[in-house]
Amino acid sequence: MTATQDSPVLGSLYQHSVAEYWNAERNPVNLRLGEVDGIYHHHYGIGPVDWTVLDGPAETREQRTIAELHRLESAQADLLMSHLGPVKPADRLMDAGSGRGGSSLVAHERFVCRVDGVSISESQVAFANDQAERRGVAGKVRFHFKNMLDTGFETGAFQAIWNNESTMYVELGLLFAEHARLLRRGGRYVTITGCYNDAYGLPSRAVSEINAHYICDIHPRSTYFREMAANRLVPVSVVDLTSATIPYWELRAKSTLATGVEQAFLDAYKGGSFQYLLIAADRV
């Protein structure tokens with residue numbers, strides 16, 4: 001399924017190119033990990049690696065490695081959810097850039113509340129809605145072909161909103177303005193994202209390689225805080241996860257699911273030009 005050229009959801013030629021990329025994407029590193037338990041995350045992992053997965057019988061090494069990579073990406077999702085603040089079953093959450101739906105399903109399981117995911121990839125929206133149907137939660141977890149910069153949802157509808165590795169596809173000022181509109185006063189916004197280190201200067205060669213690989217535009221760290229302040233989002237927690245994500249990339253580089261971008265991530269993180277941050281902010 002592909003987006004039509006006159007779709008009101010896609011506001012630029014760049015957004016069309018991003019939608020086409022994710023509509024066609026069938027990367028084993030996203031699909032094989034999701035097959036472990038039916039939760040398809042589309043993001044990276046954090047935490048210490050159990051390196052014993054590389055030991056033992058060669059014929060089962062890939063299965064063990066996939067399970068370990070999925071455990072690490074699940075730990076990342078759990079950390080994000082732990083920063084969403086108090087959420088009641090009557091509340092409503094939004095997953096901005098929801099991919100194949102993993103984070104939304106995790107949030108519903110944790111909070112037993114309504115979750116809306118939005119994505120400009122029609123194929124991923126269809127996949128995610130199918131997963132919600134299979135898990136029997138389609139009445140509470142719904143995915144929409146919508147643009148996170150202009151969702152059309154009602155003002156103040158959400159208690160919490162998150163972006164999990166999706167902010168690098170949009171202008172942050174436009175994104176945070178829409179999030180501020182959608183969040184009720186006192187609501188919580190959380191993002192986990194890669195950003196380039198302002199202290200390094202301009203984006204490094206490794207960061208540029210990552211941009212080219214994912215056709216994205218990684219923002220400097222300072223832009224997040226400047227645009228949050230301009231849109232009534234006040235940070236309450238900032239966690240540098242850079243050292244926590246490096247083991248994930250080291251294991252992924254040794255796996256059969258490596259895509260070729262692993263060394264760029266490792267060079268950028270270890271060289272100090274790239275950071276992996278969690279930022280939680282309250283809507284004031």
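Given the structure is predicted, the values throughout are model-derived calculations rather than measurements.
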Audit row: H70, D37, side-chain contact (heavy atoms from CB on, under 4.5 Å) steps and yes/no: CA-CA 9 Å; H70 185 60; D37 59 3; 2.8 Å; yes
Minimum-distance pair of heavy atoms, taken over all atoms of R71 and D50: NH2-N, 4.3 Å
Heavy-atom side-chain contact between F127 and F143 under 4.5 Å: no
Nearest heavy-atom neighbours spanning N164 and H43: ND2-CD2, 3.2 Å
Check: R32 side chain, Q63 main-chain N or O, donor-acceptor pair, under 3.5 Å: no
Main-chain N/O of G101 paired with S98 side-chain donor or acceptor, under 3.5 Å: no
Spacing of L175 atom CG and N231 atom CG [to the nearest 0.5 Å]: 9.0 Å
E171, CD atom: more than 12 neighbouring heavy atoms under 6.0 Å: no
Donor on one side chain, acceptor on other, Y276 and Q76, under 3.5 Å: yes
Main-chain N/O of L257 paired to S255 side chain as donor or acceptor, under 3.5 Å: yes
Side chain to side chain, L233 and D282, heavy atoms closer than 4.5 Å: no
N30 and E25: side chain donor to acceptor below 3.5 Å: yes
Donor-acceptor side-chain pairing of S103 and D95 below 3.5 angstrom: no
Rounded distance (nearest 0.5 Å) linking atom CZ of R135 with atom CD of E109: 6.5 Å
Any V234 side-chain heavy atom under 4.5 Å of M228 side chain: no
Test log, rule side-chain contact (heavy atoms from CB on, under 4.5 Å), inputs R64 and D55: CA-CA 9 Å; R64 295 192 303 272; D55 302 330; 5.6 Å; no
V49 and Y248, any side-chain heavy atoms less than 4.5 Å apart: no
Backbone of A180 reached by a side-chain donor or acceptor of R283 within 3.5 Å: yes
Residue R142 excluded, over 12 heavy atoms near CZ under 6.0 Å: no
Side-chain touch H83/L278, heavy atoms, less than 4.5 angstrom: yes
Step-by-step salt bridge (Lys or Arg N to Asp or Glu O under 4.0 Å) determination, R205 to E209: CA-CA 6 Å; R205 177 176 179 177; E209 288 179 23; 3.7 Å; yes
Linked, directly or transitively: F158 and V112 (ILVMFWY side chains, under 4.5 Å): no
Derivation and outcome, side-chain hydrogen bond (donor to acceptor under 3.5 Å, both in side chains), residues E165 and Y214: CA-CA 11 Å; E165 297 177 5; Y214 292 109; over 6 Å; no
Evaluation steps, salt bridge (Lys or Arg N to Asp or Glu O under 4.0 Å), between R92 and E154: CA-CA 12 Å; R92 186 178 176 190; E154 58 271 27; 3.0 Å; yes
I46 and L79: CA distance, side-chain angles, deciding distance, side-chain contact (heavy atoms from CB on, under 4.5 Å) verdict: CA-CA 9 Å; I46 57 171; L79 179 68; 3.6 Å; yes
Verify same cluster id: I215, I210 (apolar side-chain graph, 4.5 Å): yes
L31 with I39, same ILVMFWY side-chain cluster at under 4.5 Å: no
Test item: D150 and L174 side chains (from C-beta on) under 4.5 Å apart, heavy atoms: no
Closest approach of T242 to F274 (non-hydrogen atoms, all atoms of both residues): CG2-O, 4.1 Å
D198 side-chain N/O to P220 backbone N/O, donor-acceptor pair under 3.5 Å: no
Co-membership, hydrophobic cluster, residues F145 and Y40, 4.5 Å side-chain: no
Q124 side, atom CD; Q131 side, atom CD - distance, nearest 0.5 Å: 12.0 Å
Pairwise distance CD(E227) to OG(S222) - rounded to 0.5 angstrom: 9.5 Å
E35 atom CD, over 12 foreign heavy atoms within 6.0 Å: yes
Q159 to P86 - nearest heavy-atom pair and separation: NE2-O, 3.9 Å
Pair D91 + R184: basic N to acidic O under 4.0 Å: yes
Minimal non-hydrogen separation, R252 against A258, with atom names: O-CB, 3.6 Å
Distance flag, aromatic centroids of Y44 and F265, threshold under 6.0 Å: yes
Donor-acceptor under 3.5 Å (E262 side chain, G260 main chain): yes
N163 side chain to S166 side chain, donor-acceptor N/O pair below 3.5 angstrom: yes
Same cluster (ILVMFWY, side-chain, under 4.5 Å), F176 and F153: yes
From CD1 (I246) to NZ (K270), nearest 0.5 Å: 6.0 Å
Residue from E178, H179, K146 passing side-chain hydrogen bond (donor to acceptor under 3.5 Å, both in side chains) with T151: E178
Backbone of Y200 reached by a side-chain donor or acceptor of S273 within 3.5 Å: no
Backbone N/O of C113 and side chain of H108: donor-acceptor pair under 3.5 Å: yes
More than 12 heavy atoms from other groups under 6.0 Å of CZ on R110: yes
Nearest-0.5 Å distance, CG of residue N197 to CD of residue Q275: 4.0 Å
Minimum side-chain heavy-atom gap I279-S237 below 4.5 Å: no
Chi angles and distances behind the side-chain contact (heavy atoms from CB on, under 4.5 Å) call for L251, W51: CA-CA 8 Å; L251 178 61; W51 289 105; 3.8 Å; yes
Which atom of N147 lies closest to which atom of I120, heavy atoms considered: CA-CG2, 3.9 Å
Within-4.5 Å side-chain heavy-atom neighbours: I192 and L277: no
T65 side-chain N/O to R61 backbone N/O, donor-acceptor pair under 3.5 Å: yes
Pairing of E250 and K254 as salt bridge, 4.0 angstrom limit: no
Donor on one side chain, acceptor on other, Y196 and S204, under 3.5 Å: no
No-hydrogen, no-angle side-chain donor-acceptor test under 3.5 Å, T167 and Y224: yes
V170 backbone acceptor or donor facing H219 side chain under 3.5 Å: yes
Verdict with reasoning, Y189 to W162, per ring-ring contact (aromatic ring centres under 6.0 Å, His included): CA-CA 6 Å; Y189 171 67; W162 70 89; 9.8 Å; no
